[in-house]
There are 2 protein chains.
Amino acid sequence: MATRTVELELKPRVMLGEVRAMGPGKADLLELIEETGSISAAAKRMKMSYRRAWTLVEAMNGAFKTPLVEASTGGAGGGGARVSEAGKEVLALYRRMQAELEMVARQYLAGFQQRL
Amino acid sequence: MATRTVELELKPRVMLGEVRAMGPGKADLLELIEETGSISAAAKRMKMSYRRAWTLVEAMNGAFKTPLVEASTGGAGGGGARVSEAGKEVLALYRRMQAELEMVARQYLAGFQQRL
DNA sequence: TATCGTTATATCCGGCAGGACATAACGGCA
DNA sequence: TGCCGTTATGTCCTGCCGGATATAACGATA
């Protein structure tokens, strides 16, 4: 039978009161900024507007004690952005949590699957 | 220090392709329908429009092999709705998963907290 | 057969998240 | 000192989710 894909979508978000400090989108963005050294390049890869990427970065930096992304304007290449040590640590922590959550969820997949 | 509340928000969704078969909102609704025996009463308790509640029910019933909610119109009291056996089982499964996921997440809370 | 409360739908609207543009500002470097 | 690519913002627009509202259908019971 043509079984449509059944999957568990968990998008853990770290909330600081009402504001979303970290989530799947921000994590991906963080990763790409680290990789490209630029917010705009990272945005392009994620096919999101620079506007939005910048907004996400601001939200992260505003929420955490230490900025996760340090950006600079002008200069060689026009500027750029780098992920701070704190940023790398937070990203790693989030990824680990994500992986563990997915492992747990996977164990329930079959249970749902047979009813869908 | 006035520490704003830091929490992990995980809203696991069971996806059947693109459609959301089960999620936190639907689970709550299901629970309230079971409790009240009525979609509209459940909707009221959740402070959501009957329109939306009904839409959610339809989505669930459409996604699962066996309808999770069985509704009837007319008759004594105008009609009503009950949660099927399948519905109760799916709900229980979802709740168990949710609880386990929350336990895992909780272990990461402190890690984020100290950086927020 | 008239009543009543709930299910079942359609239609109209408002809020808001996010994309598309448009511009500054910035600071190495040729 | 002009060029360039990136960061930093503001503004407009649109799609969509969900609320509000309005009926119709329904069927046990008095």
Side-chain angles (χ1 to χ4, degrees), chain A residues 9 11 13 15 17-63 67-84 87, chain B residues 9 11 13 15 17-63 67-84 87:
Chain A
E9 175 184 301
K11 305 185 172 179
R13 300 171 189 286
M15 304 294 293
E18 290 301 287
V19 309
R20 308 171 176 182
M22 180 56 57
K26 292 192 176 75
D28 289 352
L29 182 61
L30 215 50
E31 210 161 76
L32 285 171
I33 290 177
E34 188 178 356
E35 196 177 323
T36 62
S38 147
I39 295 177
S40 70
K44 237 168 246 168
R45 288 238 197 133
M46 291 189 65
K47 286 176 193 163
M48 76 168 51
S49 63
Y50 169 80
R51 186 72 171 81
R52 171 151 179 67
W54 182 83
T55 301
L56 294 180
V57 167
E58 222 204 19
M60 283 190 279
N61 283 350
L68 305 193
V69 174
E70 282 155 355
S72 58
T73 79
R82 47 184 299 284
V83 176
S84 69
Chain B
E9 176 183 300
K11 304 186 173 180
R13 300 171 188 287
M15 304 293 295
E18 291 300 289
V19 309
R20 306 170 177 183
M22 180 55 57
K26 293 192 176 75
D28 290 351
L29 182 61
L30 215 51
E31 212 160 72
L32 285 172
I33 290 176
E34 189 178 354
E35 196 176 323
T36 63
S38 147
I39 295 177
S40 69
K44 238 168 245 168
R45 288 238 197 134
M46 291 190 66
K47 286 177 193 165
M48 76 167 53
S49 63
Y50 170 82
R51 183 71 171 81
R52 172 151 177 68
W54 181 83
T55 302
L56 294 179
V57 167
E58 223 205 19
M60 283 190 278
N61 283 350
L68 305 194
V69 173
E70 283 155 354
S72 59
T73 79
R82 47 183 298 284
V83 176
S84 69

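What you see is a predicted model; the values in this text were computed from it and never measured. Basis for what follows: all heavy atoms, side chains included, without hydrogens, waters or symmetry-related copies.
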Atom pair [atom1] ([X]) and [atom2] ([Y]), whose distance is rounded to the nearest 0.5 Å:
{"X": "Leu68(A)", "Y": "Leu56(A)", "atom1": "CG", "atom2": "CG", "answer": "12.0 Å"}
{"X": "Thr55(A)", "Y": "Met60(A)", "atom1": "OG1", "atom2": "CE", "answer": "10.5 Å"}
{"X": "Leu32(A)", "Y": "Met48(A)", "atom1": "CG", "atom2": "CE", "answer": "9.0 Å"}

Please test Arg20(B) against Met15(B) for side-chain contact (heavy atoms from CB on, under 4.5 Å), starting from the C-alpha separation and ending with a verdict. CA-CA 5 Å; Arg20(B) 306 170 177 183; Met15(B) 304 293 295; 3.7 Å; yes
Nearest heavy atom decides the nucleotide; on that basis, is Gly75(A) or Val57(A) closer to the 5' end of DNA chain D?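 Nearest nucleotide further toward 5': that of Gly75(A).
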Between Ser38(B) and Thr36(B), does the side-chain hydrogen bond (donor to acceptor under 3.5 Å, both in side chains) criterion hold? Intermediate values first, please. CA-CA 5 Å; Ser38(B) 147; Thr36(B) 63; 4.9 Å; no
So Glu58(A) and Asn61(A), side-chain contact (heavy atoms from CB on, under 4.5 Å) or not? Walk me through it. CA-CA 5 Å; Glu58(A) 222 204 19; Asn61(A) 283 350; 5.8 Å; no
For nucleotides 23-25 of chain C, give me every protein contact, N/O to N/O, under 3.5 Å, one pair per line with atom names.
none

Where do Leu30(B) and Met22(B) come nearest, in terms of heavy atoms and distance?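 The pair with the smallest heavy-atom distance is CD2-CE, 4.1 Å.
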Whole-Å distance separating the [atom1] atom of [X] from the [atom2] atom of [N]:
{"X": "Glu70(B)", "N": "dT7(C)", "atom1": "CD", "atom2": "P", "answer": "14 Å"}
{"X": "Arg13(A)", "N": "dA17(C)", "atom1": "CZ", "atom2": "C1'", "answer": "12 Å"}
{"X": "Glu18(A)", "N": "dA17(C)", "atom1": "CD", "atom2": "P", "answer": "12 Å"}
{"X": "Ile33(B)", "N": "dT7(C)", "atom1": "CD1", "atom2": "C1'", "answer": "12 Å"}

Identify, residue by residue, the members of residues 38-56 of chain A with a heavy atom below 4.0 Å from DNA chain D, and return them in order of residue number, or none.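 Correct list: Ser38(A), Ile39(A), Ser40(A), Tyr50(A), Arg51(A), Trp54(A).
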Do Lys26(A) side-chain atoms and Ala59(A) backbone N/O form a donor-acceptor pair below 3.5 Å?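 Answer holds: no.
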